[in-house]
Amino acid sequence: MEPKLVLDRHQFDTFFESLHKHGYEIIGPTLLDGAVVYAPVDSPDELPVGWTDEQQGGVYRLKRRGDQALFGYSAAAHSWKKFLFLPTLKLFEAYRTSGGPEIRHPQPDVRRRAFLGVRACEIASMEIQDRILIHGTFQDTAYVQARNAALIVAVQCLQSGGTCFCRSMNTGPEVTRGYDLLLTEITGPQKHVFIVDVGTDRGAGILEGIALAKADEADLKHAGDLVDEAAAHMGRVLDQNGIKELLYRNYEHPRWEEVAKRCLTCTNCTIVCPTCFCTTIEDVTDLPGGKAERWRRWDSCFTLDHSYLHGGCVRCSGLSRYRQWMTHKLATWIDQFGTSGCVGCGRCITWCPVGIDITEETAAIRSSGDASSSIFGKKGE
Ligand code: SF4
Ligand code: SF4
């Protein structure tokens, strides 16, 4: 096992320089529009230094920390999905020529990107998307290219957010796999350091030329305690016990009507979710009709068009669309892909404008007992 190392806060500029020298564009947390988001960052000064967040159902606020931590926030507003499974992707251009239609495919995006600040639940969400977009029936070429080009610099989550429930989903908060480098940030009056775990040769290459000390026992214990503390302060819980069967038995539960009265079918929950991968296709043409483009863009099961089949929409009500989303995430996903579709990041709760909470909805169905009927027949049949 590689020894754990110590990167001093003052060496973070050198760390950035090394990433640049190895040809990586750094994508990391930064402040934009009153939230922590993921975007290109050129220097450590652009990180959310000394900021944290408060998150609850429908609530997100930035707050000052009492220290200068670089990664002292919980789940960012964006997920890494926007760099791996792009919100819009041009599939091809078609030109009218005298010899007939000519199809041109765009050049692949081969940029190397270092994802800085990836959390455990986010690694789990990438693994879920890998199953579908790399190891599924069809490979998504653009996703494969972006995923292979991404260097994962993970960061231990030391502050669970008010809407986090990764512990319930067995996806965090401790990062245990799936990284090239892993940082645990320790801040204090006397020091500000990062304990570094090296996960791959690619990660080790980034550290070459940076003089790093070996972590001592006290640092390792301190880092372990901080991770344990985050695990002990999860904002929410989702009981996964028998959840697939529970939801399959309760397609007609009255709770769906209650949640549908509040749901605006705005699509926010699907857009912020790091595992949702539904798309639609749009064709656009220029005015003279000489050129057409086909684009893929994110779609959502909350739109009417998403379930439009040969002359009609099959999920016309908000009730059927919310039920589709939640039962897919927590139940049918397991049958399709062998895992839950939820990693417990809490984004769908925070960014729902009316604060609808997937943990609360699940608990309400569980605690009120099973409804009398389901798509499989009456209860007990
Ligand atoms: S369903 Fe909600 S909590 Fe689960 S992964 Fe998606 S956004 Fe995160
Ligand atoms: S559950 Fe919330 S975020 Fe999702 S569609 Fe309904 S109102 Fe929008």
Side-chain angles (χ1 to χ4, degrees), residues 35 38 55-60 74-82 84-85 118-132 157 160-173 234-240 243-244 247 255-278 298-307 315-334 337 339-364:
Y38 297 139
Q55 300 193 35
Q56 287 302 336
V59 173
Y60 182 100
S74 48
H78 293 168
S79 75
W80 301 99
K81 177 174 83 171
K82 77 173 200 169
L84 294 171
F85 187 67
V118 182
R119 306 301 173 98
C121 65
E122 297 178 318
I123 290 174
S125 69
M126 288 178 199
E127 290 172 347
I128 287 176
Q129 289 212 320
D130 290 351
R131 274 175 183 254
I132 300 153
C157 216
S160 305
T163 55
C164 293
F165 55 100
C166 61
R167 196 176 185 192
S168 303
M169 307 310 288
N170 303 316
T171 59
M234 281 284 125
R236 278 165 165 74
V237 170
L238 191 147
D239 180 358
Q240 284 207 80
I243 192 160
K244 184 177 89 171
L247 293 176
R255 184 74 188 188
W256 301 118
E257 277 171 36
E258 281 179 44
V259 73
K261 283 182 198 152
R262 298 169 62 214
C263 177
L264 309 171
T265 63
C266 69
T267 79
N268 266 18
C269 47
T270 52
I271 300 304
V272 293
C273 179
T275 65
C276 279
F277 62 96
C278 284
W298 288 355
D299 197 8
S300 167
C301 51
F302 281 91
T303 68
L304 277 172
D305 277 355
H306 190 72
S307 70
R315 283 193 290 271
C316 301
S317 66
L319 182 156
S320 60
R321 279 176 269 159
Y322 184 84
R323 181 177 58 192
Q324 154 65 23
W325 175 73
M326 191 171 119
T327 53
H328 188 211
K329 281 279 148 201
L330 300 177
T332 49
W333 201 296
I334 298 171
F337 306 117
T339 74
S340 174
C342 174
V343 296
C345 71
R347 287 183 177 91
C348 58
I349 305 170
T350 299
W351 296 101
C352 172
V354 292
I356 291 172
D357 178 343
I358 190 170
T359 66
E360 194 181 311
E361 295 313 312
T362 308

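Atoms within each ligand, like the ligands themselves, are counted from 1 in listed order. Each residue takes its place number in the sequence, starting with 1.
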pair I358-C348: side-chain heavy atoms closer than 4.5 Å: yes
Close side-chain approach of S79 to C345, heavy-atom, < 4.5 Å: no
Count of N, O or S atoms belonging to protein, less than 2.8 Å from atom 8 (Fe) of ligand 1: 1
Ring-face cation contact, W298 with K82, 6.0 Å cut, 45° max: no
Subset of ligand 2 atoms that lie under 4.0 Å from at least one heavy atom of Y322: 1 (S)
Numbered atoms of ligand 2 (with element) below 4.0 Å of T267, judged on heavy atoms: 5 (S), 8 (Fe)
More than 12 heavy atoms from other groups under 6.0 Å of CZ on R255: yes
For ligand 2, the portion of T265 having any non-hydrogen atom under 4.0 Å away: backbone
Test item: S307 side-chain N/O and R315 main-chain N/O as donor-acceptor pair under 3.5 Å: yes
Considering only non-hydrogen protein atoms, determine which one is nearest to [atom] and report residue, atom name and distance to 0.1 Å.
atom                    : result
atom 5 (S) of ligand 2  : C266 N, 3.3 Å
atom 6 (Fe) of ligand 2 : C263 SG, 2.3 Å
atom 2 (Fe) of ligand 2 : C352 SG, 2.3 Å
atom 4 (Fe) of ligand 2 : C269 SG, 2.3 Å

Sidechain N-carboxylate O distance under 4.0 Å for E258, K261: no
Electrostatic pair E122:K81 at N-O distance under 4.0 angstrom: no
Ligand-residue contact atoms, ligand 1 with K329, heavy atoms, under 4.0 Å: 1 (S)
Those atoms of ligand 1 less than 4.0 Å from some heavy atom in F165: 3 (S)
Minimum non-hydrogen distance to atom 7 (S) of ligand 2, winning option of L264, V259, N268, T303: L264
Pairs touching residues 343-363 that satisfy ring-ring contact (aromatic ring centres under 6.0 Å, His included), sequence neighbours left out: Y60-W351
Pair T163-T350, side-chain donor/acceptor within less than 3.5 Å: yes
Between T270 and T267: side-chain donor-acceptor atoms closer than 3.5 Å: no
Part of W325 with heavy atoms under 4.0 Å of ligand 1, whether side chain, backbone, both or neither: side chain
Evaluation steps, side-chain contact (heavy atoms from CB on, under 4.5 Å), between S340 and K244: CA-CA 9 Å; S340 174; K244 184 177 89 171; over 6 Å; no
